[in-house]
Amino acid sequence: MRAARWAATVLAVVLLTACGGGAAGPSAERSLILATTTSTQDSGLLDDLLPAFTADTGWQVKTVAVGSGQAIELGRRGEADVLLVHSPDAEKKFVAEGTAGRRLLVMHNDFVLVGPDADPAGIRGVGVADAMKRIADSGSVFVARGDDSGTAAREKALWQQAGVTPAGDWYQETGQGMGATLRVAAEKSGYTLSDRATYLSQPDGLTLLNEGDPGLLNVYHVIEMTTKAGDRVQPEAGAAFADWITGPAAQQRIGEFGRAQFGQPLFVPDAGKPEPVP
């Protein structure tokens with residue numbers, strides 16, 4: 001009798017496993033959509049963070065890396081579960097619309113002006129507004145992203161502060177992400193505005209010429225989406241990602257990312273701290 005019961009138990013376990021009832025570990029169907037900026041992808045940060053997130057939570061991640069404005073639009077249309085973006089003014093306006101959940105501080109780094117080592121516009125060691133004006137006055141090539149990204153928004157603000165309306169053959173837009181724009185700037189021996197992380201991960205052909213101005217602060221937030229944006233949104237997925245990336249394990253990873261390769265971290269973890277102010 002005991003042998004018969006043992007055989008029946010084994011058969012039941014086999015059947016449950018075949019049907020998926022006893023499966024362990026993350027399910028292929030347990031996935032979320034993260035809309036984020038090209039800088040988090042081009043810098044390699046996501047390659048470091050996302051496998052750890054999946055291992056810790058069981059959530060697989062499908063990433064859409066675009067400009068912050070496009071990422072916010074995906075959230076607005078209910079086509080993403082969570083956003084990781086760096087365009088604070090646009091973020092605040094979006095959250096005020098009422099379809100998003102929590103907006104939490106994650107990290108910061110800064111923007112830098114990079115260009116040819118010869119520096120024909122003479123922007124080394126001057127204020128960022130003066131640097132932008134010198135580029136325009138000299139007619140030196142400036143390669144802009146020209147997309148709806150946080151970097152493009154900051155660039156426009158810097159031109160405005162400099163009293164310049166950029167136009168003409170010297171001002172060229174790629175309509176692409178940060179990595180691609182850096183490559184074009186290098187090919188054309190031009191200047192561009194980049195987040196520090198992406199520049200450091202792809203520095204060939206360009207020199208860091210201008211940094212440290214308060215106007216170059218670059219702050220990232222995570223924004224949860226809710227079903228108010230659309231029925232496809234998975235609020236529990238967005239909350240899981242937001243909780244994880246602002247938690248101690250992820251914040252430690254962020255603080256260490258880039259240190260071994262570049263001698264400095266590419267991002268500064270900020271969860272739980274006051275908002276950085278330029």
Side-chain angles (χ1 to χ4, degrees), residues 30-54 56-57 59-109 111 145 147-154 177-179 195 197-198 217-247 250-251 253-254 257 266-273 275-276:
R30 186 175 161 87
S31 65
L32 63 85
I33 297 175
L34 167 66
T36 186
T37 72
T38 62
S39 60
T40 59
Q41 182 175 68
D42 291 346
S43 65
L45 179 65
L46 293 184
D47 292 335
D48 184 75
L49 292 182
L50 296 187
F53 169 69
T54 298
D56 287 349
T57 67
W59 283 98
Q60 304 285 339
V61 181
K62 298 176 181 176
T63 304
V64 183
V66 289
S68 288
Q70 293 168 284
I72 289 170
E73 185 57 32
L74 288 171
R76 183 177 284 117
R77 298 201 303 259
E79 295 176 8
D81 300 304
V82 64
L83 317 179
L84 180 59
V85 287
H86 66 134
S87 190
D89 289 344
E91 295 165 27
K92 292 173 187 174
K93 291 176 183 176
F94 172 57
V95 170
E97 294 173 10
T99 60
R102 293 180 298 172
R103 173 178 175 263
L104 303 174
L105 179 62
V106 175
M107 60 191 181
H108 78 271
N109 61 6
F111 292 108
R145 285 182 57 167
D147 60 356
D148 189 17
S149 64
T151 305
R154 182 60 58 90
M178 196 67 256
D195 66 284
T198 308
L217 184 67
N218 184 29
V219 183
Y220 292 76
H221 294 85
V222 62
I223 301 176
E224 302 171 352
M225 294 311 305
T226 73
T227 52
K228 292 178 181 178
D231 294 339
R232 290 176 292 177
V233 174
Q234 304 174 92
E236 70 280 10
F241 185 82
D243 288 341
W244 184 86
I245 202 168
T246 57
Q251 288 287 291
R253 278 184 171 272
I254 290 168
F257 178 71
L266 300 193
F267 298 89
V268 177
D270 284 329
K273 300 177 184 176
E275 287 280 340

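What you see is a predicted model; the values in this text were computed from it and never measured.
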Under a 4.5 Å cut-off applied to non-hydrogen side-chain atoms, are [X] and [Y] in contact?
X	Y	answer
T57	D243	no
T38	R145	yes
T36	Q41	no
R30	Q234	no

How far does [atom1] of [X] sit from [atom2] of [Y], to the nearest 0.5 angstrom?
X	Y	atom1	atom2	result
M178	T40	CE	OG1	13.5 Å
M225	L83	CE	CG	6.0 Å
F53	L32	CZ	CG	5.0 Å
Y220	E91	OH	CD	10.5 Å
L104	L84	CG	CG	11.0 Å
W59	F241	CH2	CZ	13.0 Å

Without swapping roles, check the side chain of [X] against the backbone of [Y] for a donor-acceptor pair under 3.5 Å.
X	Y	answer
D42	T198	no
D81	I33	yes
T226	G101	no
Q251	V106	yes
N218	N109	no

Query raised in the report: Would the number of heavy atoms belonging to other residues, nucleotides or ligands and lying under 6.0 Å from NZ of K62 be above 12?
Result: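 Counting other residues, nucleotides and ligands, NZ of K62 stays at 12 neighbours or fewer.
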Closest heavy-atom pair and its distance - [X], [Y]:
X	Y	answer
G98	K228	O-CD, 3.3 Å
F267	A197	CZ-CB, 3.5 Å
S87	S68	CB-CB, 3.8 Å
L74	A35	CD1-CB, 4.0 Å
V66	A71	CG2-N, 3.5 Å
A242	E224	CB-OE2, 3.5 Å

Query - Residues D195, R154: salt bridge by 4.0 Å N-O rule - result: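 No, no charged N to carboxylate O under 4.0 Å.
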Report task. Kindly indicate, with the supporting measurements, whether the criterion side-chain contact (heavy atoms from CB on, under 4.5 Å) is fulfilled by F257 and L49. Result -> CA-CA 9 Å; F257 178 71; L49 292 182; over 6 Å; no
Query - Criterion side-chain contact (heavy atoms from CB on, under 4.5 Å) on V61 and L46, from CA distance to verdict - result: CA-CA 10 Å; V61 181; L46 293 184; over 6 Å; no
**Report entry** For M107, the option from L45, V268, I245 that meets side chain to side chain contact (heavy atoms under 4.5 Å, CB included)
**Finding:**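 With M107 as partner, side chain to side chain contact (heavy atoms under 4.5 Å, CB included) holds for just one option, L45.
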Requested in this report: Would you check if there is a donor-acceptor pair between the side chains of T151 and S149 at a distance under 3.5 Å?
Outcome: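 T151 and S149 do not have a side-chain donor-acceptor pair below 3.5 Å.
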